[in-house]
Every structure is written in structure tokens, then in C-alpha cells.
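Read the structure below first, then the notes.
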2 protein chains.
Amino acid sequence: MISLTEENYLKAIYHLSEDGSKAVLTNDLAEAMHTKAASVTDMIKKLSIKEFISHEKYYGVNITSKGKAVALSVIRKHRLWETFLVQKLSFSWDEVHEVAEQLEHIQSNRLIEKLDEYLGFPKADPHGDPIPDSNGKIKALQKVMLSTLKPGSDSLIVAVKDSDSKLLKYLDKIGARPGKKIKVIDREEYDGSMEVSINSQRFFLSKEVSENILVTA
Amino acid sequence: MISLTEENYLKAIYHLSEDGSKAVLTNDLAEAMHTKAASVTDMIKKLSIKEFISHEKYYGVNITSKGKAVALSVIRKHRLWETFLVQKLSFSWDEVHEVAEQLEHIQSNRLIEKLDEYLGFPKADPHGDPIPDSNGKIKALQKVMLSTLKPGSDSLIVAVKDSDSKLLKYLDKIGARPGKKIKVIDREEYDGSMEVSINSQRFFLSKEVSENILVTA
DNA sequence: AATACTTTTTAGATAAGCCTAAAATATTAC
DNA sequence: GTAATATTTTAGGCTTATCTAAAAAGTATT
């Protein structure tokens, strides 16, 4: 069995290692886990014995494929729950994280597969991050700037580049959230502004705004 | 803060005390918690200090109103999640308990109020047990035999009287589960049989069957 | 290459929740 | 009313996950 704390460590290691591609240092992990380096060293020993990570003293840890599988399963659950909270319970986009941090540790394969189905097998969560499938395969979504789309194109909002809070508030107001469909109606050549349709409503977006909205290619 | 283990103890004490009406003995609590009497004594000390229960040595524990509030909040969450699993994720009635045991400990008032709303403020869970409201008020549901309803009445299945497994299997097959809506279409006076609608499907039920289905008054 | 500084690990404690074995108290039997 | 039995509590330990303080190892400076 794997404890809740172990799951959280593995998730943090996975993220800090940039999906398993580089070693993670003790202090960085301590900061991410809001704990002290000594505690991290203890946990590193446990996770190494269980072969979720490999560890060379003083040189950081690397996640194993066994550890990666655990991390991806937790990430899958986290992102499915976030999608549920936003799509079904109409939570706003920025208030889901805390709750999903708890829900991601519920142990039940049946539950998560049913939830996936209920949500219509979503590919990305409300922040635009891709949802791993039940085998832990994760497809990086091809993201392009909305500004590159031609009139008539139909695609899905995947993320927002700039995290300026004024921009986020504006996009939220017009319903331009990750996961939403967006259609390009027209594009003005001289200033790069666009007319788009979201939720069957039309909006004019400046070039600046349309360069900050990332959509599926 | 209250721990997951403390919540589980309080829930068990609440149930064993028959909703707070009598004292609970150490050994009974140990059995319910699948643990040993010595461990229970330890926990009793903690819960007494926090004033969730009162304890007279060797004579068992009584739950306080503070403890009852915690227990009822957990029970509310448990029953709402069970309703969600059955109604929305189409879990069957008998496979929800284990998962709900985990979900009931998620800490978020906002989540549980949104869930309640999403489910349409249900009064009972799929087993027919009443769901406490957000203030911890629990209303014993008025249950009447389906056979007493007049044609045209619309109500909720609350429970099944007889626990004969053949009857249960039959009712399960036609979708006649607690929590489901049932409408009386017609009633034959001479033999007491009824025509009802469940899930938009029509069925003829014998007098015997309709006397075993309990519905909201 | 020796000193200073940073990072990591070790050593020794603590709190929660559990355990076994033994002591204390209550209940029942004679 | 005392002895036998059952229940509950105490005492002392264990594990997990945390901490602080100190030692060890690695890196940088001169």
C-alpha cells in the first residue's frame, strides 16, 4: 500500500523533475512539500526502498517507471475531479485546486473510470492541462495562439498564457475558459483583432488578447 | 482540527448510541472500529478532552451536542455522496458504501452544498436513509406502503420492507430502488394490484409487492 | 589546496494511532 | 460476601511523518 503522503511526494517529484526527465534536489522538494530537508531525506529513503525513486546521496532523486505510474494516476484523478467541479458543480476555475487535492487520493478504480465516462472522456482539465488516460499515457496537447487561427476555424480553449489577473477576470466574464469551444468569425488584417463566438455569444478581441489565448491546433 | 480517525469514531459512537440516546461501551466501539479496547480507551481520552464526548470511567461514553454535530456532518456527506454515485455515476446500490466511506471525509463546505444542489436536495440516500440538512437537522422520513397511494400520486421509494432476496432481485431489475421516483398510474380495486411508472417505464405490481415498497408520504 | 559557505544527511525527539500484556474495576456465580 | 469472570484502563512499545540541531559531504573562493 501507498500512503497519501507518499502519493503527494511522488506527484511533486514528477512535476519538479519535469515529467521524469531530470533529477530533483532535496531542498527543492522540501520547498514544494512545505516541509524541512530532513523530513524529505526520511521520505526519500522510504520511497527508494519501495522502488518508486532511485537516489544517489547528495545528488537528488530520479523517479522510476513504477513511481511515474503512481504520479500519473494521481494526476489523472486530480484533473478529472477538477473537470467535474467546474463542469458539473459550476465551481469557478480558480477555486477547484484545493478540493481536488483531497479528491485525488480517493482509492477506487471503478469510481474514476465512471467519472471519466460521466464527463465524456475529457482530454484536458479546466486549466487546459492534459488528462492522462487510464494507462498513464499523457498526450501533450498541441497549443497554438488563437491569433493564428483563420476565420471559420472551430477549436477548444486550452490555456491562457499570461496570468495577469485583469486578463483572467475579463476572460472569465466572457466565458473564455479552458475547455470551452471558440469559433473564429472574422479577423481584421490591419490591427490583428478578431471576432469570435463563445457560448453562442460574439465578442471582439484585441490582437493582444488573442495572442494570450491558447487553443487546440 | 479534527482528524479522519476522530470523525470515524464519532460517527460510530453516534450510530451505536442510537443517535445519541444512550451510552456506548468500550468493547462495542472496539468491535465497530475493528480495533482493540485499549486503542479505544486512548481515543476516548482525546475525544473527551476536545469535548466531543463525555466519559465516566468503566461506564461508557455519551456524545455531546458538539460531537453530534460532527457526526451528522459526516453522515450528511456520506449519504449525499452515495446518492451521487447511484444517481449520476450509475453505481449499483450495494457497491457505494466503501467509496462513500472515503468521500465523506473531504473537507469543503462549498463542495457539499454544491453537490446537494446538483442532486436536487435529496431527502434520502439510495438505501432510504434520511440525509441531514446543512444544520444537522435530520428528519425521520414518513414512510407509507406504496399500496396506500392513490392513482396520480408521485413519490420517492424510501425502502423495501421484506428483505427476501427474490423480491430484492426483482425490484432491482425493474429499477425500483430507494431514491427513485415512482408514480402510480392506476390501481385495480378488486385485487389491489397497481400500475406504476419508474424511470419512464410502466410495470404492474401485485398487491403483495406494493405492500413491501415503502415510499415518502 | 585550504577556508568558507551551502546542501544534505544523521541523530534524537515528538504526536497520532495502533498494539500486547498486565493491572484495576465491575459483574456474576455460588 | 467472597471467588471467578468479564470489561476497561494503564503501562510500555511500535510505526509514520514530522521536527531541530549537529555532523557530513559537496561547491566556491581566494
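Bear in mind the structure is a predicted one, so any value in this text is a computation, not a measurement. Lettering of chains follows the sequences in order, A, B, ..., and the numbering in each one begins at 1.
Within the 4.0 angstrom heavy-atom criterion, base atoms lie near S39(A). Residue T41(A) is classed as a base contact, given a heavy-atom separation below 4.0 Å to a base.
Between the P atom of dT9(D) and the CG atom of L25(B) lies a distance of 10 Å, rounded to the nearest Å. Protein atom CD1 of I53(B) is 13 Å distant from nucleotide atom P of dT8(D), rounded to whole Å. Here dT8(C) presents its C1' atom at 12 Å from CG of D28(A), a figure rounded to the nearest Å. Between the CD atom of E56(B) and the P atom of dT8(D) there is a distance of 14 Å, given to the nearest Å. Per the geometry, NE2 belonging to H34(A) stands 17 Å off C1' belonging to dC19(D), to the nearest Å. H55(A) has its NE2 atom 11 Å from the C1' atom of dT7(C), to the nearest Å. Rounded to whole Å, atom P of dT18(D) lies 13 Å from atom CD1 of I44(A). If you measure from atom CE of M33(A) to atom P of dA17(D), you get 10 Å, rounded to the nearest angstrom.
Side-chain atoms of N8(A) and H105(A) include a donor-acceptor pair closer than 3.5 Å.
In this structure, N27(B) reaches the dT8(D) phosphate: one of its side-chain N or O atoms is under 4.0 Å from OP1 or OP2. Between T35(A) and dA17(D) there is no side-chain N or O to OP1 or OP2 distance below 4.0 Å. A sub-4.0 Å separation between OP1 or OP2 of dT16(D) and a side-chain N or O of Y9(A) is absent. Distances shorter than 4.0 Å separate none of the side-chain N or O atoms of T26(B) from OP1 or OP2 on dT7(D). Close to dT10(C), at under 4.0 Å from its OP1 or OP2, lies a side-chain N or O of K57(A). Distances shown here put every side-chain N or O of S3(A) at or beyond 4.0 Å from the OP1 or OP2 atom of dT16(D).
The pair R110(A)-E95(B) meets the salt-bridge criterion, since a charged nitrogen lies less than 4.0 angstrom from a carboxylate oxygen.
Nearest-nucleotide positions on DNA chain D for D42(A) and Y59(A) put D42(A) closer to the 5' end. Residue K46(B) is the one, among K46(B) and A38(B), whose nearest nucleotide of DNA chain C lies closer to the 5' end (criterion: closest heavy atom).
Closest approach of L149(A) to M194(A), counting heavy atoms only: O-CE, 3.5 Å.
Checking dT9(C), dT20(C), dT18(D) against every side-chain atom of A37(A), the shortest atom distance belongs to dT9(C). Residue K36(B) has its side chain nearest to dT20(C) when only dT8(D), dT20(C), dT9(C) are considered.
A side chain to side chain donor-acceptor pair (under 3.5 Å) with K11(B) holds for exactly one of E6(B), H78(B), E104(B); it is E104(B). The side chain to side chain donor-acceptor pair (under 3.5 Å) test with H127(B) is passed by exactly one of H97(B), R79(B), E82(B): E82(B).
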